[in-house]
Amino acid sequence: MDALDPHAPLVSPEIAARLARLSLQARRMPEARRRGRRRTRRPGGGADFIDTRPYALGDDPRRIAWPAFARLERLLVRLVADDAPLRLALVVDTSSSMGFSSNGAPSKLVQAARIAAGLATVALTGEDRVGVVSSSSTASPVLRASGGRIGLGRLYGALDALAPSGTTDLGAAASAASRATGGRALCVILSDFLDPAGALAGARAMCARGHEVALVEVLDPQEIDPPDLSGHDLEDQETGEIVVLPAEGATEAYLAALATHRAAIDAGAAEIGAPVLRVSTTEPFDSIVCLAIRAGLLRSQRT
Amino acid sequence: MTFAAPLLLAGLALLVPVLVAFLVRRRHVMRTVPSVLLWRIASVSRARSRRIRTLTRLLALALCLVGVAALVLAAARPAGLTHGETVAIVVDVSASMEAGSFEEARSVVARMLAIRGAGDQIALIAAGPRPVRLAGPTSDGAALDEGLDRLRLVPGGADLGAAIDLASSLVAGARGARIVLVSDGGLAAGDPSWERRGVPIGERRILPSSRDNVGIVGFATRPSRDSAGDDREALVSVATSSARPRRVVVAVSANGKDLARRRVDLPARGRSELRVRLRVAARRLTATVTPADGVADAISLDDEASLTPGRSVPGRAILVTKGTEAEGPSAFFAEQALRAAGVREVVRVAPDRAVQIVRSDDVVVVLSEAPDRRADTPTLYLGTTAGALPVQIAKVLDGSAGETRLRSIETRDAVTRGVELEGVTIERAVAVDPPSGARALVDLDGGTVVSSGGAGRGSWVYIGIDPARSDLVLRVAFPVLVASALQSLGGASSVAVAPTVPASETSMREGQVTAVPLPEVSWKVPVAPAALLGILGILLLAAEGLAWRKGLVS
């Protein structure tokens, strides 16, 4: 897949095959350390035996351990572990600024959708649950995807249909992420984090709700290494705000501000224990996977 | 609208380069970026959107144009709406204007001066007891402002008739002549028929904020009528303009020390009098009145009155002598005694000319012969036997007959107090019959020889001991007697009256309205239009500069 082709499919079959060998890694959720279905100590409808306890009125008669009754002449009930999949919430910033692209490169939103599709592929391949939240000031629609090819196809379609609109509002995405997953989840926020309300507002809100958070910063190459715009008037794609730059020194001031901004994100992410991935819209997918593995978001499946 | 310097209006041409500078200013290249969040730190100006930036720029342009225009108009000095009028402004400065009207009157005049036309000639007249021209007619603003600064209240009434006469004489015959009277409408002196003067008169009436006033309308001292000594009494007359009874405290003080302090009840719109016995020789007496009922006092100018009692020794004495050789020693000793008593000037005059040269503050000293008619002034008679006398001569006493031996002397009287007549050799004396009301002070065996009487300017002292036929003039008693007589006569002649605010002002009575009422000057800003425009222009351009500096405008 050509990373610079804006019209390329989100995840090609080759990449999907390679992603099947990966699994999500949640640092604070032990169930995410194994591939596939996760066991919990919660008694439920699984197959793995955990323990027995005396029969009580109302227990399912099918769970009575008859061999034990034969030996002990006591009615005991078998306790089995419940099957609990990992919940993955993909929060994709769909504000207007994410629609920016330069020099024919895919927009930030397209790149974010690709990364989200890749992560969803990893999750759904491992029979985990995935929810997608598109976050902007105009709306935060939620898509819950089930496993299998059908669910994956629907999720690709939804990600492909995302369009930039409104302003950044990551804070509002926190509750939407909870609705998408139905419980504690691994929340991956894909955004440029150019949120006037604070780049980590959404991450902190999600962390406060018990989610584990990972941050993926997607920027256009012109945002990372801008040309000399001194003496220009700049119009904000998202808000329409206009700033007038001085005749010289604007780029240096911008780069200093970007470094300060990123340092603030790193510090905030460290506070909430969130890994940070920084990618540009021209970053190849393999490189992104390597970055994700290095950041501890993905891991290779050895078994 | 007229302008004092209309040529400077050409400065409005500056608006063109300002407009051009806005239109051709360097246009920046517009670039769209995902977010200006990080660019703000480097920006020189910001706007919420293109529309707001356009509006801001238009507003900045408008402010700049208005600011420049205001400065140009200020430089051209807009002068007002009138053309070449000659106006005499007569301001009532009587005491009643103090009741909340004077400062407003001053501001009204200031506004009238501020909106005057460029060619207007203004005269400013203060209408007090006597009209005073403060300025003009002139168009010189500095002179008019100086005149306005000299506008002061006076503790008296207003002769508006005389002030209008003065104003008429100043503006009559001039183009657009008129008189503006600024007054509280109080009762005023002078002929109120102003329309006869041939100059249109308008009145701007400023009503007092309060008509509750108490004040002193009369303050005088005079010799005490029921006392034989040199005691005096002060008379204080207090009045109120209030429509309800008032209670006040009246105090009389001498040289800063309270002599009396009384509560006085005043009837509604009435007056009351107060008598205070004075037992000290005060150099300066002050009477004050203060409300004691908690009600405010509208005028303070009439709350105090001061006077200095008349001199007890006259400055000039008219020595009436025939100038004969026989009278020579008597005249000499009499003159010496008068000078020793403090008289600065002694004028010798014959009896037939005395009345013509006597002034009201003189004292007359008559030797042997008095004038045919009495002068209306205190008089000391020394052995006088002829002319118009206040006493009836009883007989001439001869020393050889033993009639001139001292029988009694009134030592408590102010005239004879401290006079020692024991041992005085008297060869001849004139005994008199004191008239009713007069006092017999010294009696010899043959009759009364020293007497005093009369009141005020008609007071007199008669000494019947002949100075030429006794050794009295050689004794210490003589200058003492003369000095005491002069003291008594001088004090008796001085009914001192303090200058007080006229009762018409204290009572705040309204006078007749005979002038055309003028509408209020609608312009309320207390600065001149040129200064206002200048300030406005400077503020606008300063705001413009600040907006550019802060980056609010690009």
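Values reported hereafter were calculated over all heavy atoms of this structure, with side chains retained and with hydrogens, waters and symmetry mates removed.
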Checklist outcome for this item: Honestly, the part of A/Pro226 sitting under 4.5 Å from a heavy atom of chain B is side chain

Next on the checklist: Quick check for you: to the nearest 0.5 Å, what is the distance between A/Glu223 atom CD and B/Leu38 atom CG?
Outcome noted: 8.5 Å

Item to check | Proximity breakdown for A/Glu252 and chain B, heavy-atom pairs closer than 4.5 Å | outcome: neither

Next on the checklist: Checking A/Tyr254 now: which residues fulfil ring-ring contact (aromatic ring centres under 6.0 Å, His included) with it, not counting sequence neighbours?
Outcome noted: B/Trp39

Checklist entry - Tell me, side chain or backbone of A/Leu229 under 4.5 Å from chain B's heavy atoms, or both, or neither? => result side chain

Item to check | Residues B/Val33, A/Asp236; criterion side chain to side chain contact (heavy atoms under 4.5 Å, CB included); working and verdict | outcome: CA-CA 5 Å; B/Val33 293; A/Asp236 193 311; 5.5 Å; no

Checklist entry - How many angstroms lie between CD in A/Gln222 and CZ in B/Arg31, if you round to the nearest 0.5 Å? => result 5.5 Å

Item to check | Over all atoms of both residues, closest heavy-atom pair of B/Pro34 and A/Ser97 | outcome: O-CB, 3.2 Å

Checklist entry - Picking from A/Leu194, A/Leu234, A/Thr239, what satisfies side chain to side chain contact (heavy atoms under 4.5 Å, CB included) with B/Ser35? => result A/Leu194

Checklist entry - Between A/Ile242 and B/Met30, does a side chain to side chain contact (heavy atoms under 4.5 Å, CB included) hold up when you go through it step by step? => result CA-CA 9 Å; A/Ile242 292 173; B/Met30 181 71 77; 3.9 Å; yes

